[in-house]
Peer 1: 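Quick one: this structure, given as structure tokens, is what I'll be asking you about.
Each chain gets a letter, A, B and so on, in the order its sequence line appears, and its residues count up from 1.
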There are 2 protein chains.
Amino acid sequence: MLSFTEENYLKTLFQLTVESNEKVEAGTNEIAAHLGVKPASANDMLKKLKDKKLIHYEKYGKSTLTKEGRKYALEIVRKHRLWETFLYEKLEFSWDEVHEVAEQLEHIQSKKLIDKLDKFLNYPEVDPHGDAIPNAKGELEISQRKSLLEEEIGHACKMVGVKDNSAAFLQYVNSLGLSINQTIRIKAREEFDDLLEIEVNGKKNRVSPKFAENIIITCLECNRLRKK
Amino acid sequence: MLSFTEENYLKTLFQLTVESNEKVEAGTNEIAAHLGVKPASANDMLKKLKDKKLIHYEKYGKSTLTKEGRKYALEIVRKHRLWETFLYEKLEFSWDEVHEVAEQLEHIQSKKLIDKLDKFLNYPEVDPHGDAIPNAKGELEISQRKSLLEEEIGHACKMVGVKDNSAAFLQYVNSLGLSINQTIRIKAREEFDDLLEIEVNGKKNRVSPKFAENIIITCLECNRLRKK
DNA sequence: TATAATTGTTAGGCTAATCTAACAAATTTA
DNA sequence: TAAATTTGTTAGATTAGCCTAACAATTATA
Ligand SMILES: [Mn+2]
Ligand SMILES: [Mn+2]
Ligand SMILES: [Mn+2]
Ligand SMILES: [Mn+2]
């Protein structure tokens, strides 16, 4: 059985690779920063997890999860998101309060507990943030992606990537306050010139269809409602 | 904030003293045995808890909780019993499965979580084993006690002590398979001679009114129903 | 009340997870 | 491509919680 700490390292690696929209492997410093520890500490643990065959790691190289490690990571993510859903739906926690408590609850060891919780919540597909919940078999339905241009008016979505990777475009994206994981709400579409009115962090802006076509998003509303 | 381990020591001391029907203070070996560690380990921790002013402890003496330590212990007991109730009432866990998981859940740190859980469960007074749940202020309603003679026919109760402490009586008690914390069910009362028919661990026996008068119990049914 | 048994303490070690400080490799930049 | 910067590693120390083995105090028993 894994320790609390080992579990946190696996989950971090999962987030930084499998669930990242930027990379498929993670460096030691990055992992350390994500966990709030020093690189030296992360280095020790990476060697240990490699010995346990839970991650792929080579000296001075980047790390990824093995199949086995990924299995564990998915279990933890499943628990985390089910608990968040429980807190949100049953205990009147708000959207932004659930994560912190779920960080603790995700480490409770009991297969029965988590399966019963899943049933009690009526097998939810997504957590309160719109993120997919792995099922009991460890299968994760990756949120459907599309371009910002294809998103429905009125919906909120999350930016997960770009199609155009040119510096010019990225700078443009940046200047509008947009970045990975940023929530974007589409307010309206101008009939006259097809510009989209979007809201980011409370600030409104207008973007061209060409711009929107190059922003990759997942729709929060669609994910949330997919099977409910 | 207290560590997982410190919390377990405080809870153990609470169970061995405040909630015990035999003693009001506990020895080092006893504490160690209850926690499944060696006396040397318990000794280290007792000194540490004393420094933190959570327990009264003197070299070669017995230990008890300070007011502060008792406050923490009650919080943990409250969490433990609320989680047991949740598992039993909402997640279809059985009577005997709840304890193990609650041992983990009792250490989750979130005031809001436990108060919301309390509300969600509709402020239960007792856990699935009939034990009282401390309220949010840390007040514990000690289960009402009476003699076995006063118990209602058909009810199940728990033996918590004796009135007569003579060796002869205790031996008699013992020969019937009775001991502290043992569950007793009253099957019937004979009209003819007032003998009580009891069942202990599946075995039936008959006891005199004089005998029953000297056994102190708390009624599980009454505790469970007191305010529901 | 002397001896035996029980109970409690200490010293010294071990492991997991962390740190700092020094260093080495890899990558970026001029 | 050489120098500067970033990234990653190592050695050695620390802390919490546990252990064993030796010992000391207390309590029970003959
Ligand atoms: Mn979260
Ligand atoms: Mn965690
Ligand atoms: Mn319990
Ligand atoms: Mn516990």
Side-chain angles (χ1 to χ4, degrees), chain A residues 1-13 16-17 20 22-64 69 72 76 103-104 106-107 109 165 167 170, chain B residues 1-13 16-17 20 22-64 69 72 76 103-104 106-107 109 165 167 170:
Chain A
M1 227 192 46
L2 300 177
S3 74
F4 190 103
T5 308
E6 290 169 325
E7 288 194 347
N8 281 338
Y9 274 89
L10 290 182
K11 197 181 67 153
T12 286
L13 197 48
L16 257 27
T17 59
S20 157
E22 292 146 330
K23 321 178 174 174
V24 295
E25 52 181 22
T28 305
N29 286 2
E30 198 186 350
I31 292 167
H34 196 271
L35 282 160
V37 300
K38 299 292 163 182
S41 309
N43 190 268
D44 283 349
M45 183 59 85
L46 291 178
K47 285 190 273 185
K48 187 174 154 196
L49 292 174
K50 186 208 163 127
D51 285 349
K52 290 193 170 192
K53 300 201 166 40
L54 296 171
I55 70 169
H56 298 292
Y57 162 80
E58 295 301 334
K59 223 198 222 188
Y60 291 107
K62 307 287 177 187
S63 301
T64 54
Y72 280 113
I76 304 158
E103 277 298 302
Q104 297 180 61
E106 73 189 4
H107 301 290
Q109 302 287 347
N165 274 289
L170 293 178
Chain B
M1 225 193 43
L2 300 177
S3 73
F4 191 102
T5 309
E6 290 169 327
E7 288 194 346
N8 281 338
Y9 274 89
L10 290 182
K11 195 179 70 152
T12 287
L13 197 49
L16 258 25
T17 60
S20 157
E22 290 145 330
K23 322 178 171 173
V24 294
E25 51 182 22
T28 305
N29 287 1
E30 199 186 349
I31 293 167
H34 195 271
L35 282 159
V37 300
K38 298 293 164 181
S41 309
N43 189 267
D44 283 349
M45 183 57 86
L46 292 178
K47 284 190 274 187
K48 186 175 155 196
L49 292 173
K50 186 206 164 128
D51 285 349
K52 290 194 170 191
K53 299 204 169 33
L54 296 171
I55 69 169
H56 298 294
Y57 161 78
E58 295 301 332
K59 222 196 223 189
Y60 292 107
K62 306 289 178 186
S63 301
T64 55
Y72 280 112
I76 304 158
E103 277 299 302
Q104 297 179 63
E106 73 190 3
H107 302 289
Q109 302 288 345
N165 273 291
L170 293 178

Peer 1: Between D:dT10 atom C1' and A:Asp44 atom CG, what is the distance in whole Å?
Peer 2: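 So the CG-C1' distance, A:Asp44 to D:dT10, works out to 9 Å.
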Peer 1: Would A:Glu6 and A:Lys48 pass as an ion pair if we require N to O under 4.0 Å?
Peer 2: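 Salt bridge present between A:Glu6 and A:Lys48.
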Peer 1: What's the NZ-P distance between A:Lys62 and D:dT6, to the nearest Å?
Peer 2: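 After rounding, the gap between these two atoms is 14 Å.
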Peer 1: Tell me what B:Tyr9 touches on the nucleic acid: a base, only sugar-phosphate, or nothing, going by heavy atoms under 4.0 Å.
Peer 2: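 Sugar-phosphate, backbone atoms only, no base.
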Peer 1: Just to confirm, is there a sub-4.0 Å distance from OP1 or OP2 of D:dG17 to any side-chain nitrogen or oxygen of B:Lys38?
Peer 2: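 Checking D:dG17 against B:Lys38, no side-chain N or O comes under 4.0 Å of OP1 or OP2.
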Peer 1: Just how far, in rounded Å, is P of D:dA16 from CD of B:Glu7?
Peer 2: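 These atoms are roughly 16 Å apart.
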Peer 1: For the residue pair A:Tyr72 and A:Glu7, establish whether any side-chain heavy-atom pair is separated by less than 4.5 Å.
Peer 2: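 With C-beta onward as the side chain, the pair stays apart.
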Peer 1: Under 4.0 Å between any heavy atoms, over every strand shown, what does A:Ser41 touch: base, sugar-phosphate, or nothing? Just pick one.
Peer 2: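 Answer is base: heavy atoms of A:Ser41 come under 4.0 Å of a base.
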Peer 1: Nearest-Å distance, CD1 (A:Ile55) to C1' (D:dG8)?
Peer 2: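 That distance rounds to 14 Å.
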Peer 1: Should we say atom NZ of A:Lys52 is surrounded by more than 12 heavy atoms from elsewhere, each under 6.0 Å from it?
Peer 2: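 Correct, the count exceeds 12.
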Peer 1: Using heavy-atom distances to pick each residue's nearest nucleotide on DNA chain C, tell me which of A:Pro39 and A:Tyr60 is more 5'.
Peer 2: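 With A:Tyr60 and A:Pro39 compared, the 5'-side residue is A:Pro39.
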Peer 1: Check whether any side-chain N or O of B:Thr5 sits under 4.0 Å from OP1 or OP2 of D:dG17, and answer yes or no.
Peer 2: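 For D:dG17, OP1 or OP2 has a side-chain N or O of B:Thr5 closer than 4.0 Å.
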Peer 1: If we only count heavy atoms from C-beta on, is the A:Lys50 to A:Glu58 side-chain gap below 4.5 Å?
Peer 2: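 A:Lys50 vs A:Glu58: side chains touch.
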Peer 1: Is there side-chain contact between A:Leu13 and A:Leu54, with heavy atoms separated by less than 4.5 Å?
Peer 2: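 A side-chain contact is absent here, since even the closest heavy-atom pair is not under 4.5 Å.
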Peer 1: Extract, from 5' to 3' on DNA chain C, the first and final nucleotides lying under 4.0 angstrom from some heavy atom of chain B.
Peer 2: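 Using the under 4.0 Å cut-off, the span is C:dT7 to C:dT10.
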Peer 1: Are the side chains of A:Asn8 and A:Ile76 in touch, meaning some heavy atoms are under 4.5 Å apart?
Peer 2: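 Answer no - side chains too far apart.
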Peer 1: Could you state the interatomic distance from NZ (A:Lys11) to CG (A:Leu35), rounded to the nearest 0.5 Å?
Peer 2: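 Taking NZ in A:Lys11 and CG in A:Leu35, the distance rounds to 9.0 Å.
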Peer 1: Can you measure B:Glu6 atom CD to D:dC18 atom C1' for me and round it to whole angstrom units?
Peer 2: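 So the two atoms are 14 Å apart, to the nearest Å.
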Peer 1: Write down the distance between CD (A:Glu30) and P (D:dT6), rounded to a whole number of angstrom.
Peer 2: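 Spelled out: CD on A:Glu30 to P on D:dT6 is 16 Å.
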Peer 1: To the nearest Å, give me how far apart NZ (B:Lys47) and P (D:dC18) are.
Peer 2: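 Atom-to-atom, B:Lys47 to D:dC18, this comes out as 15 Å.
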Peer 1: Take the protein atom CE of B:Met45 and the nucleotide atom C1' of D:dA16, then report the distance between them rounded to whole Å.
Peer 2: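 The answer, rounded to whole Å, is 8 Å.
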